[in-house]
Amino acid sequence: MKKTFLTFILASAVSTTTMAQVPVYLDDSKPMEERVEDALARMTVEEKVAMTHAQSKFCSPGVQRLGIPEVWMTDGPHGIRPEVLWDEWDQAGWTNDSCVAYPALTCLAATWNPEMSRLYGKSIGEEARYRKKTVILGPGVNIYRTPLNGRNFEYMGEDPYLASRMVVPYVEGVQQNGVAVCVKHFALNNHEVNRHTTNVIVDDRALYEIYLPAFKAAVQEGKAWSVMAAYNLYKNQHLCHNQYMLNDILKGEWGFDGVVVSDWGGTHDTPQAITNGLDMEFGTWTDGLSGGASKAYDNYYLAHPYLKLIKEGKVGTKELDDKVRRILRLIFRTEMDRNRPYGSMNSEEHYAAARRIAEEGIVLLKNEGNVLPIDLNKVKKLLVVGENAVKMMTVGGGSSSLKVQREISPLDGIKARVAGKAEVQWARGYVGDASGEYNGVVTGQDLRDNRSPQELIDEAVKMASEADCVIFIGGLNKSAGQDCEDSDRKGLNLSYGQDNVIAALAKANKNLVVVNISGNAIAMPWIKEVPAVVQDWYIGSEAGPALAAILMGDANPSGKLPFTFPVRLEDNSAHALGEFVYERSNEVIDVKYNESIFVGYRWADKQKKVKPLFPFGHGLSYTTFVYGKAVADKKEMSADEVLTITVPVTNTGNREGAEVVQLYISDLKSSLPRPVKELKGFAKVKLAPGETKEVTFTIAKDALSYFDDARHEWVAEPGKFEAIVAASATDIRSKVAFELK
Ligand code: BGC
């Protein structure tokens, strides 16, 4: 009895002491803001300033004295980048830092399936967590304004609604791992040449209706914990310290409470970096370790120069405290979340996720005479032509370059799939980019070939005439001037003489399939001669198996284009209306977005004579879908009501398939010019042969609104509207009229 009593007294004494010793900032039962204020109150000015800038290429300090951990960043957005040296871009030489490469974000957008986005985010977040990263530098949601932009492959297409719906689950999927996303590049970074010197001039309507919605959705709906500011300028201020974009819009109008990270080397000025919304400075060039008092990072704009201004009393600490509060929130949400999961790397689940996303994202553009899927009962000799059938695409392209644990090429994927059923041969066809190195990661492939273009064509044509079916696999690649950071394409046409190769193959064999691997639209001068065309993407680790599954019909294509394929470059509004700069400039140059809100299909829809080669939202299947009549639940709605539209969709073919049903809204009469129609809903429905499903969309006032730049607010103008149910931007299946009262 006595013993028990003593034990009780001791236990309660111990627990009281422990409780008293836990500082508020370490007590995760306390509200976040209390913890933030407590930590802040314990920090010196020097410690605070240290947290606002990098201490290595990808890392910034915590506060060792208080047990507040460092922040570790990684690219992003398609896999976890290999480790580089502390102060250099060179490889650190680790042997345990190879990853799964997921399909590029264009492919993800082409799935039109938010569940694929969630799976993507969850999987890549698990890899980041396992590799002990705090932040993934991605996803990217800059709008596809021109098919020449070298970084479109890292983004989610031309439509703000599609990009918004796809980015939110990616953000949630990553962050459920206790790893932050860093949504990039905020904003108006729509081409690469002169990315540090382009001053974008764009009207507020285009800004709010086209270029900002996906960022806003990531921040407000996805609750993104960090955002990366872009390199370029807006209103003559660099976006990494931009009063309008960062303070007024992101932190002001949208109430963002997270961290604004500079793009690497995007900071240019201490006073502006202090006041104009930047929280963390990364990647600024310095003159090496000798230049700083103790190290090069001391020379960062937000390092000693900032501290000096504070010490001299020239600036106060109000902005500093705001920056540090945001950084502390980021750390509490990630590194100091004791309940976050542990993550995993290179698991079979991750490869399966990459493959599923890829199979749902590959787009069947054309299939005349049912060349596809390839019937292995008839096709016994299969010829594959083209460099992209063998070239590793995960190395190159800029900061998204990866070091993969495995990458199965299209040719290997096809060979494995048809083994024992058909003989597969490969011909080079053309020589594109024989290099295979980025930032010290080497593919180990030797793609050199000294034969002349004609010799390569002759060889391919001869082999094609003896084959039952020919698959040409070409397109762009990840070298400069193709799909690559810090460069743009020079034109819409394929390089390396590929058009000649395709035209010659089309003459040699009528069973020709062209597979275009790219993150951008291309011109197809040979389109009439080629019966089947597949839009493939940078798929990553599972490139081969995913493509083979589509070509052989194991998977039924269900991807749809997230951007328009124009026939000619001039059919794209950024080029039709003139402002695209090809020459490099060290001086700041204005680039005016003359087309305003008429980007992508919004422009194509307005053209009476010119039709796109393939419209936004287009994609075929191996089965067929018939849409019934769309019905609205009411003829009139008020601004606080919701309108429901239903449409039956039937699979009329003989195999299972999935259709992306699209809902566009057309404002029949408005005081400001509006696009002919705008995407405001979509649903991917899986249907068995003969099966019918009712697809339901709900429309609220935000789907009817435009941004009134004079009033600086969204306006839903009463009047007549039309809900358009379509299989693509040009394949309209049913319309229903309604009125907003
Ligand atoms: C790119 C960013 C990237 C960063 C770090 C920059 O050059 O624009 O997208 O996250 O480098 O590698």
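Order of appearance sets the numbers: ligands from 1, and atoms from 1 within every ligand. Heads up: numbering here begins at 1 and tracks the sequence.
D536 is linked by a side-chain hydrogen bond (donor to acceptor under 3.5 Å, both in side chains) to nothing, counting only residues two or more places apart in sequence or in another chain.
With hydrogens and angles ignored, the 3.5 Å screen pairs a side-chain donor or acceptor of R489 with a backbone N or O of L492. At distances below 3.5 Å, not a single donor-acceptor pair connects side-chain atoms of H268 with backbone N or O atoms of Q237.
The structure places CE of M336 at 8.5 Å from CG of L328, a figure rounded to the nearest 0.5 Å.
Under the ring-ring contact (aromatic ring centres under 6.0 Å, His included) test applied with F215, the options W254, F186, F256 reduce to a single match, F186.
Listed by chain and number, residues touching ligand 1 at under 4.0 Å (heavy atoms only) are F58, D75, R81, L137, R151, K184, H185, R195, M228, Y231, D263, W264, S399, E485.
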Legend entry - side-chain contact (heavy atoms from CB on, under 4.5 Å) between F58 and W264, intermediate numbers included: CA-CA 9 Å; F58 284 103; W264 267 233; 3.6 Å; yes

